[in-house]
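Let me begin by presenting the structure, written as structure tokens, before commenting on it.
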Amino acid sequence: MCDHTYQVGGSLPENAPSYIVRSADLELANALQQGEFCYVLNSRQMGKSSLLVRTFYKLQAQGNVCVGIDLTYLGSEFVTPLQWYKGLVAQLWTELDLTKTINLKEWWQEQELSHVQKLGEFIKLLLNFFPNQKLFIFIDEIDRIQSLNFSVDDFFALIRYCYNQRAINSNYKRIAFALFGVAAPFNLILNKELTPFNIGRAIALDGFKLGEVQPLIAGLSSKFVNAHRIMQEILAWTEGQPFLTQKLCKLSVSKVREQPLKAEDFINNIVREYIIKNWQFQDEPEHLKTIRDRLLYNPKNAGRLLGIYQQIWQFRSVARDNSKEQTELLLSGLVVVAQNHLKIKNRIYREVFNLRWVEQQLASLRLYGVNFDAWLKDENEAHLLRGLELKEALAWAENKQLSDLDYRFLAASQKLTQQETELDLARAEIEKEKAQFALYAVREANRLLTVARRNASQKIKQQRLSKSWIGIVAIALTVSVIALRFTGILQGLELTAFDLYTQQRLIIDAPSRVTIITIDESDIQNIGQFPLSDRLVARSLNNLIRHQPRVIGLDLYRDLPIPPGNEKLQKLFAATSNLIGIEKVVGVKISPPPSLDKLNQIGFADLIFDRDGAIRRALLSVRSDNGVDYSFALRLALEYLQVEDITPKPLANNSSQIKLGKTILIPLQPNDGGYVRADAGGYQTLINYRGTLDRFTHYSLSDLLANNVPAKIIRDRVVLIGSTAATISDLSPTPYSRFLSGSNHQMAWVTIHANIVAQLLDAAIDGETMLYTISETKEWLYIFIGAVAGAYIGWWVRRFWLRAIVAIFSVTITVVSTYIAFLQGWWLPVVPIAIALILATVAIAVITPRLLARMRLIETVKQLSLICARQPTVKKIALEYLKQGESQKNKVLIGRIVSRY
């Protein structure tokens, strides 16, 4: 026999040479021939299916009608009762080759009966169809019924019906059923109100005996001289378990390299190396894992099964009691019955499912595994469960079948808990007596503490904080706001306030000394080009010169000729002494017109941008390699003032300050006004804007070229020519760019230059104010005053809503005052002052309750000490009540006060 004739798993064919004939073969065939109903219910891989096949063909060969039904074929999940019963009938119909004789579809529809009645009628039909033959129905995988989501108790009742009908209808003596599967008879009919499935004959299917395995020994003989001894050692390990015996035979034949000296050592090595070692990975086809899964698949029952098996493993056997748990163990195949005791089936199972494996599985199931293992060692009550752990363990154990040791452990935990509860009750009785004794002291302490608190509250109610807190808070917040200001965080808010004030300035008269000739979009479209040609610029200048302006400012870069007309324009530049051109000296430089540069009739057009991109400062001059360069606006203003006999003169006591007519120019410093570390290079001043373009007298270039500009608005004025077209990008944000009709207005540079010129002329001639800032020291003083005002409001006004109203009113006064100062030419720090005022108000409002609470606590302790002078116990209890809910700091304070009284 070659090794391939050993079949590991699955049903053996009818004529398989490795099939082992056991006593069950003869017993089953004879019992069925005698008309007995039989069932072979055993663990998996014990040869049930092979026995079915063998008996099937044996009885069929004797002229009987045999049909096999595999319940696996019918399915279980999502199967309906109709599908299941109809599937049974369909299997009988096809297996008996009745497809051409009976129209099953029509027959089924004609039967107006229940599903089980239709099956019964079909069996009756089969008996009539085979009138002279016995009918044997073999049903395999009978345990599949446990996976159905509906009851099939009626099916087994029908089988019993067929059995009982023998006494009435002799036809039923010709039918017998044989049931095969992994189940117990009491599991077949689950409804306890119905009669159990108690008919038929149980066929015991034992393991292989040495006298039965000659076909297997024949296969070993091809490889082993001592084949009989090899088989003895195999059976010593497997105890004849068919699957393992076939597998060991096959492994022995395939793994032998030379004749082993000792059969025992050879088989021992095979078993340990190819079956026991890493069995989870070598178990192919699955056998050991099938047993494991059978034990553990139901968490509610697994603990009980493992507990019984643990006892069997430890004590070698356990008396049989026919319990469901023992029956489940038997069906797993792990144990067998011997002399009315359960024992482990074979050595392989004992080695694989050893005590350590059992303990690991139990530990993974138990919530209390650590305590349980420790208790097993010494049964010390310290390891028992208590409180919440015990409650959780009992809830977990509910509806589960546990081992006897588990129940002992839980019972001991409950008993200990009961004892501790009784002890606690006894202690509670003693404590109750103590509590009753102390009840008077507690009540009195509460009463006196209430009196002390009431007295303290009445006394503190009329008190205020010391005025020194006003100064403390004001100084602290002044320093904080100044530090905050130095970070630059407030600069954006202060510049916003500057913009708002600028927009709200009321300037009655429009600038009368400045006229603007604009080059707008319509001009560029009419002319058809930009930059303008030299000829067009010359024509425009000639039209202006004819009306005798005092100064002309050409706000157009003319560093390169733009033909035609360049020669004519250069001659005009040379002949016009009151014409000022522009250049760019900061960043990317742009040269001035050469002719004007030779005559020193040039001013730079550069402007200063703040961090938000807006222009609020005027750059009047910068130092260069050639000395001091004047701005375009300053050049125009000085040229105009020269006629008025006004020239700039440095002050004797401060050369950086320039007297210009009736005003004094003061250079802006990096931290002046709302600025923080601003770039104050060159000579800068704040721009005291006159307004947008609409505030100035202005005409378009087209008007000028058409001679539509009145002579009176040109004569003796500063006239600026520049672009206002959006497409030229000669526009920038200014204080007027925000909060105006919700849009972002930008101002042309020519208009900004006009504002600077108008500011200088009005200040120098009429004495109108420039925009100044105060020194940092004075700014700090104003901030301090705001903080003092806010602190005083918080100190004096007690009600929250009134305090808020007074604070808002004070902030309003601050805003109005600083706005009036702005109109007078002074930019004061409104945002820091307002912040200091509000924060001081809030700080005092927050500090006051806390300090008053502290004063109230001190007074309460004093009152309590006076009231309880002769009752030290009551005083002690009252002080403890007082400490409850207090912070650790207040508890220390109470201790210090008590030590003084």
Side-chain angles (χ1 to χ4, degrees), residues 10-11 13-14 32 37-41 48-49 51-53 55-57 59-60 63-163 165 169 171-172 174-183 188-190 197 200:
S11 300
E14 172 195 3
L32 290 173
F37 285 26
C38 300
Y39 53 85
V40 183
L41 303 179
K48 297 185 298 297
S49 298
L51 174 62
L52 185 154
V53 171
T55 306
F56 181 97
Y57 285 108
L59 293 176
Q60 193 179 60
N64 301 299
V65 177
C66 298
V67 59
I69 296 176
D70 189 340
L71 294 187
T72 305
Y73 176 77
L74 300 180
S76 58
E77 191 174 4
F78 307 120
V79 175
T80 65
L82 170 63
Q83 293 169 332
W84 195 80
Y85 280 102
K86 193 172 183 179
L88 276 175
V89 173
Q91 277 204 57
L92 292 171
W93 179 62
T94 54
E95 292 293 328
L96 294 174
D97 196 21
L98 300 177
T99 55
K100 297 180 180 179
T101 309
I102 300 174
N103 189 322
L104 181 61
K105 184 176 182 181
E106 291 181 358
W107 180 89
W108 186 271
Q109 291 175 347
E110 290 171 357
Q111 309 301 313
E112 296 182 357
L113 302 169
S114 67
H115 306 321
V116 70
Q117 288 171 337
K118 290 180 180 180
L119 176 60
E121 288 299 311
F122 194 77
I123 291 173
K124 187 184 298 184
L125 180 64
L126 293 180
L127 289 172
N128 293 330
F129 198 82
F130 301 102
N132 301 317
Q133 294 174 284
K134 291 182 179 180
L135 175 60
F136 299 112
I137 299 177
F138 296 84
I139 302 177
D140 198 8
E141 301 292 344
I142 196 69
D143 48 292
R144 293 289 292 181
I145 64 166
Q146 298 174 1
S147 302
L148 296 173
N149 56 11
F150 55 88
S151 171
V152 290
D153 290 348
D154 290 342
F155 169 71
F156 293 103
L158 175 62
I159 295 176
R160 185 167 54 221
Y161 167 82
C162 293
Y163 183 83
Q165 279 295 101
N169 188 341
N171 260 350
Y172 282 92
R174 294 188 294 107
I175 187 171
F177 287 85
L179 309 182
F180 295 79
V182 184
L188 299 181
I189 294 182
L190 300 178
F197 190 78

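Each residue takes its place number in the sequence, starting with 1. Basis for what follows: all heavy atoms, side chains included, without hydrogens, waters or symmetry-related copies.
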To the nearest 0.5 Å, what is the distance between [atom1] on [X] and [atom2] on [Y]?
{"X": "L92", "Y": "L119", "atom1": "CG", "atom2": "CG", "value": "7.0 Å"}
{"X": "E112", "Y": "Q117", "atom1": "CD", "atom2": "CD", "value": "11.5 Å"}
{"X": "L41", "Y": "F180", "atom1": "CG", "atom2": "CZ", "value": "9.5 Å"}
{"X": "D154", "Y": "Y85", "atom1": "CG", "atom2": "OH", "value": "5.0 Å"}
{"X": "L59", "Y": "L135", "atom1": "CG", "atom2": "CG", "value": "11.5 Å"}
{"X": "I123", "Y": "N171", "atom1": "CD1", "atom2": "CG", "value": "13.0 Å"}

Measuring only between side-chain heavy atoms, which start at C-beta, is [X] closer than 4.5 Å to [Y]?
{"X": "L88", "Y": "L71", "value": "yes"}
{"X": "L32", "Y": "K134", "value": "no"}
{"X": "E121", "Y": "K118", "value": "no"}
{"X": "V79", "Y": "L74", "value": "no"}
{"X": "F155", "Y": "I139", "value": "yes"}
{"X": "F56", "Y": "V53", "value": "no"}

Next on the checklist: So for atom CG, which belongs to D97, do other residues, nucleotides or ligands contribute more than 12 heavy atoms lying within a distance under 6.0 Å?
Outcome noted: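 12 or below, so no.
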Checklist entry - Heavy-atom count around F78 CZ within 6.0 Å, excluding the residue itself: above 12? => result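 Not more than 12 within 6.0 Å, no.
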Tell me the closest heavy-atom pair linking [X] and [Y], and the distance in Å.
{"X": "D143", "Y": "A183", "result": "CB-CB, 4.3 Å"}
{"X": "Y172", "Y": "I175", "result": "O-CG2, 3.2 Å"}
{"X": "I69", "Y": "Q91", "result": "CA-OE1, 3.5 Å"}
{"X": "V67", "Y": "E95", "result": "CG2-CB, 3.4 Å"}
{"X": "W84", "Y": "G75", "result": "CD1-O, 4.3 Å"}
{"X": "L125", "Y": "W107", "result": "CD2-NE1, 3.9 Å"}

Polar side-chain atom of [X] near backbone of [Y] as donor-acceptor pair, under 3.5 Å:
{"X": "Q165", "Y": "C162", "answer": "no"}
{"X": "W108", "Y": "K86", "answer": "no"}
{"X": "T55", "Y": "L52", "answer": "no"}
{"X": "R174", "Y": "F130", "answer": "yes"}

Next on the checklist: Would H115 and L82 count as a side chain to side chain contact (heavy atoms under 4.5 Å, CB included) here? Give the steps.
Outcome noted: CA-CA 6 Å; H115 306 321; L82 170 63; 3.6 Å; yes
Next on the checklist: Between K48 and V182, does the side chain to side chain contact (heavy atoms under 4.5 Å, CB included) criterion hold? Intermediate values first, please.
Outcome noted: CA-CA 9 Å; K48 297 185 298 297; V182 184; 4.1 Å; yes
For [X], what residues pass the side-chain hydrogen bond (donor to acceptor under 3.5 Å, both in side chains) criterion, not counting sequence neighbours?
{"X": "Q60", "answer": "none"}
{"X": "D140", "answer": "S49"}
{"X": "E141", "answer": "R44"}

Item to check | Audit row: F122, L104, side chain to side chain contact (heavy atoms under 4.5 Å, CB included) steps and yes/no | outcome: CA-CA 10 Å; F122 194 77; L104 181 61; 4.3 Å; yes
Item to check | Of F156, F138, Y163, F136, the residue whose pairing with F37 passes ring-ring contact (aromatic ring centres under 6.0 Å, His included) | outcome: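 Output: one option passes, namely Y163.
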Item to check | Verdict with reasoning, L179 to I159, per side chain to side chain contact (heavy atoms under 4.5 Å, CB included) | outcome: CA-CA 11 Å; L179 309 182; I159 295 176; 4.2 Å; yes
